[in-house]
Amino acid sequence: MKSIQSIVVCGAGTMGSGIAQVAIQAGLKTIQFDLNESALAKSKETIQAQIKRLVEKGKLSEDQKAQMLGLLHFTSSIQDCKADLIIEAIIEKIEVKIELFKQLAAINGPSTILATNTSSISIDAIADGLVEPSMLVGMHFFNPAPIMKLVEVIAGKHSSPEAIELLMNLTKTMGKVPVLCTDSPGFIVNRVARHYYLEAMEMVSNGLIDIESVDSMMEAAGFKMGPFKLMDLIGMDINFSVSNIVWEALGKPPRLTPSPLQREKVANGELGKKTGKGFYSY
Ligand SMILES: NC(=O)c1ccc[n+]([C@@H]2O[C@H](COP(=O)([O-])OP(=O)(O)OC[C@H]3O[C@@H](n4cnc5c(N)ncnc54)[C@H](O)[C@@H]3O)[C@@H](O)[C@H]2O)c1
């Protein structure tokens, strides 16, 4: 394959929706797949609103808007998921991701690249569950995907060099900055950033400071978002899974122990912006 012309984005949640928007803005024929019809409807609404805003800001013309939205199709049927590249952005659970990739591999040809947007699951561990592990690569976008420039491209030990090169080039075509990473727990950003969340929750749990003060101080210190606002944006379920996966993969070091605050928020269904309540209410 010389270049990627068509994409399937699996998952229409926070990340899948943003990645699909990035794909159509780069002129790629894009199918968004989710088992949940209401997630698809919400994603469609979000993408349309975002593109409309770009027109209002004068960054896109009406013609460009029509062209971009014409590239995007939504489906809840896996049989429609055929493309040069599949980007998976579903729930952060290895067994669910492997099962999905197995089904996708059976539907697609051997040259289709399978990319996972996982935040923390080992690329090799997913690839080991597949018949053809060389086509699996990590492609980790950051939230919100249409705005954040960085993309970690993660090479597993089986990943095909040609697939990696195609993804590095595609990322640049999308106006992003790719960084090639090796497959290690949390890759780069999520490993370094663990402490940003965990230390903040530790201080709040110990009654040393309140949530609002931590956020406003970190923002005053130059961080774009305080840790609690950022966790609400990421989604508590996703961030808690990442905390657990990184902690376990590194041999459970005490410094990275997931916080009881995260566990409590997940148990209460207070997942952040996507459910209307997390550390803050929306
Ligand atoms: N939220 C973030 O800030 C962030 C950032 C980078 C990477 N990620 C990663 O991206 C992935 C998705 O995260 P998210 O925050 O978008 O999650 P989300 O909860 O917002 O959305 C997940 C979507 O996947 C769908 N889904 C679940 N199982 C499915 C299946 N078998 N087939 C098709 N669709 C299915 C759900 O219906 C849901 O709409 C995760 O692997 C996460 O670690 C998240």
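Since the structure is predicted, the reported quantities are computational estimates derived from the model, not experimental observations. All ligand and atom numbering here is 1-based and tracks the order in the structure.
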Tell me yes or no: between the side chains of Glu92 and Thr118, is some donor less than 3.5 Å from an acceptor?
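Per modelled atom types, Glu92 and Thr118 side chains form a pair under 3.5 Å.
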Can you see whether Ser122 engages Asp124 through a side-chain donor-acceptor pair at a distance of less than 3.5 angstrom?
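No, Asp124 and Ser122 have no side-chain donor paired with an acceptor closer than 3.5 Å.
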Contact (N/O only, under 3.5 Å) between [X] and ligand 1:
X	result
His140	no
Asp237	no
Thr14	yes

Just jot down the ligand 1 atoms closer than 4.0 angstrom to any heavy atom of [X], in number order.
X	answer
Thr118	41 (O)
Val96	31 (N)
Ala39	39 (O)
Asn143	1 (N), 2 (C), 3 (O)
Lys97	40 (C), 41 (O)
Asn36	37 (O)

Tell me, with the steps shown, if His140 and Phe142 meet ring pair (Phe, Tyr, Trp, His ring centres under 6.0 Å).
CA-CA 7 Å; His140 185 216; Phe142 289 80; 4.5 Å; yes
Heavy-atom distances under 4.0 Å are what count here, so tell me which part of Phe141 touches ligand 1: side chain, backbone, both or neither.
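Near ligand 1, Phe141 shows its backbone, while the atoms from C-beta on stay back.
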Under a heavy-atom criterion of less than 4.0 Å, does Phe142 contact ligand 1?
no
Close approach, Ala89 and ligand 1, non-hydrogen under 4.0 angstrom:
yes
Cationic N near anionic O, under 4.0 Å, Asp237 to Lys274
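Counted as a salt bridge, because a side-chain N and a carboxylate O are separated by less than 4.0 Å.
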Lys/Arg-Asp/Glu bridge criterion (N-O < 4.0 Å) met for Glu219, Lys224
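Between Lys224 and Glu219 there is no salt bridge, as every charged N stays at least 4.0 Å from the carboxylate O atoms.
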Nearest to [atom], what protein heavy atom do you find, and at what distance?
atom	result
atom 11 (C) of ligand 1	Ile90 O, 3.2 Å
atom 10 (O) of ligand 1	Asn117 ND2, 3.0 Å
atom 23 (C) of ligand 1	Asp34 OD2, 3.6 Å
atom 1 (N) of ligand 1	Ile234 O, 2.7 Å
atom 44 (C) of ligand 1	Met15 CG, 3.3 Å
atom 7 (C) of ligand 1	Ser119 OG, 3.1 Å
atom 19 (O) of ligand 1	Lys274 NZ, 3.1 Å
atom 21 (O) of ligand 1	Gly13 CA, 3.3 Å

Sole residue of Ile98, Ile78, Asn108 in side chain to side chain contact (heavy atoms under 4.5 Å, CB included) with Gln103:
Ile78
For a side chain to side chain contact (heavy atoms under 4.5 Å, CB included) with Phe240, tell me which candidate from Ile238, Asn244, Val242 qualifies.
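Per the side chain to side chain contact (heavy atoms under 4.5 Å, CB included) rule, the option paired with Phe240 is Asn244, out of Ile238, Asn244, Val242.
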With rounding to the nearest 0.5 angstrom, report the CE to OH distance, Met236 to Tyr197.
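Those atoms lie 11.5 Å apart.
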Can you tell me how far apart CZ (Arg194) and OG (Ser120) are? Round to the nearest 0.5 Å.
7.5 Å
Considering residues, nucleotides and ligands other than Lys82, do more than 12 of their heavy atoms fall under 6.0 Å from its NZ?
no
Give a yes or no on this: more than 12 heavy atoms of other residues, nucleotides or ligands lie within 6.0 Å of atom CD of Glu45.
no
Quick one: does Ser213's side chain have a donor or acceptor within less than 3.5 Å of a partner on Ile209's backbone?
no
Are the aromatic ring centres of Tyr196 and Phe223 under 6.0 angstrom apart?
yes
Candidate with minimal heavy-atom separation from atom 17 (O) of ligand 1, of Val242, Ile94, Ile238:
Ile238
